[in-house]
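In this chain, numbering begins with 1 at the start of the sequence shown.
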Amino acid sequence: MCFYSVRLRDEKATLLTDEIDTFRNAVRHAMRKHPFLINAAVVLPNAAHMIWTLPEGDHADAKRWQMIKATFSRHVPAAVNRSARMIKRGEKGIWHKSHWKHAIRDQQDFDLHMHLIATAPIRAGLVAQPHLWPYGSAARRQTPRLHAA
């Protein structure tokens, strides 16, 4: 089980929430091709944070993120501030190149990252309480546990 963060290149962008259905469809597409479980998630205007459980022995999280980013990017306009090099390479300039990954070590670590996901919209100044943010799992989940099915 791992915690992931992905970010848009433009930290002031609102593309992920403006195009929330496109992002959700990109995640579903990756899940169909390479199944995994989303234990918790929050999508902010310019970032997404998720806890995933991959199938036993499967370590292809980078492939999944690449697929999500590529699928999303194909269905939204290119960034306006792309460099000449990005344009030449056919890059839309939407995403940071990499994602941040943290392997969940134990229940305390899991609880911490669940808290980070739940409170991300508050820290971003978007809502006063986690359950008020429509693009997160906080409102839909009761206190999940690390070993819950």
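- Nearest heavy atoms, Pro55 versus Arg64: CD-NH2, 3.9 Å.
- Judged purely by atom type and a 3.5 angstrom limit, Arg123 uses its side chain to pair as donor or acceptor with the backbone of Leu116.
- Heavy atoms only, all atoms of each residue included: Arg105 and Asp109 are closest at N-OD2, 3.0 Å.
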Determine whether His102 and Leu112 satisfy the following criterion, side-chain contact (heavy atoms from CB on, under 4.5 Å), listing intermediate values before the conclusion. CA-CA 12 Å; His102 169 76; Leu112 170 66; over 6 Å; no
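- With rounding to the nearest 0.5 Å, the separation of CD1 in Ile20 from CG in Asn25 is 10.0 Å.
- A heavy-atom distance below 4.5 Å is not found between the side chains of Leu44 and Thr17.
- Checking side-chain atoms of Asn46 against main-chain N and O of Ala13 turns up no donor-acceptor pair under 3.5 Å.
- With contacts defined as side-chain heavy-atom distances shorter than 4.5 Å, the pair Val43/Arg24 does not qualify.
- Contact record, Met67 with Ala30: SD-CA, 3.5 Å, taken as the closest heavy-atom pair.
- Rounded to the nearest 0.5 angstrom, Asp21 CG and Arg28 CZ are separated by 7.5 Å.
- Interatomic distance, Leu15 CG to Ile94 CD1, rounded to the nearest 0.5 Å: 6.0 Å.
- Checked by atom type and distance alone, the side chain of Thr14 never pairs as donor or acceptor with a backbone atom of Pro45 at under 3.5 Å.
- Annotation: the span from Asp111 atom CG to Ile104 atom CD1 amounts to 9.5 Å, rounded to 0.5 Å.
- For the pair His34 and Leu54, the minimum side-chain heavy-atom distance is 4.5 Å or more.
- Aromatic rings of Trp65 and Trp95 (six-membered ring for Trp) have centroids beyond the 6.0 Å cut-off, not under it.
- Closest of all the heavy-atom pairs between Ala128 and Ile122 is O-CD1, 3.7 Å.
- Here CG of Asn39 is found 10.5 Å from SG of Cys2. Values are rounded to the nearest 0.5 Å.
- Using cut-offs of 30° and 60° on the angle between ring planes, the pair Phe3 and Trp100 is perpendicular.
- Looking at heavy atoms from C-beta onward, Met50 lies out of side-chain contact with His113 at the 4.5 angstrom threshold.
- Side-chain contact check for Phe23 versus Val76: every heavy-atom pair is 4.5 Å or farther apart.
- At least one side-chain heavy atom of Val27 sits less than 4.5 Å from a side-chain heavy atom of Met31.
- A heavy-atom distance below 4.5 Å is not found between the side chains of Glu19 and His75.
- Nearest heavy-atom pair across Lys69 and His99 is NZ-N, 4.2 Å.
- In this structure, Ala118 and Pro130 approach most closely via the heavy-atom pair O-CB, 3.1 Å.
- With hydrogens and angles ignored, the 3.5 Å screen pairs no side-chain donor or acceptor of Arg9 with any backbone N or O of Lys97.
- For the pair Phe36/Asp61, no side-chain contact is recorded, criterion being any heavy-atom separation below 4.5 Å from C-beta on.
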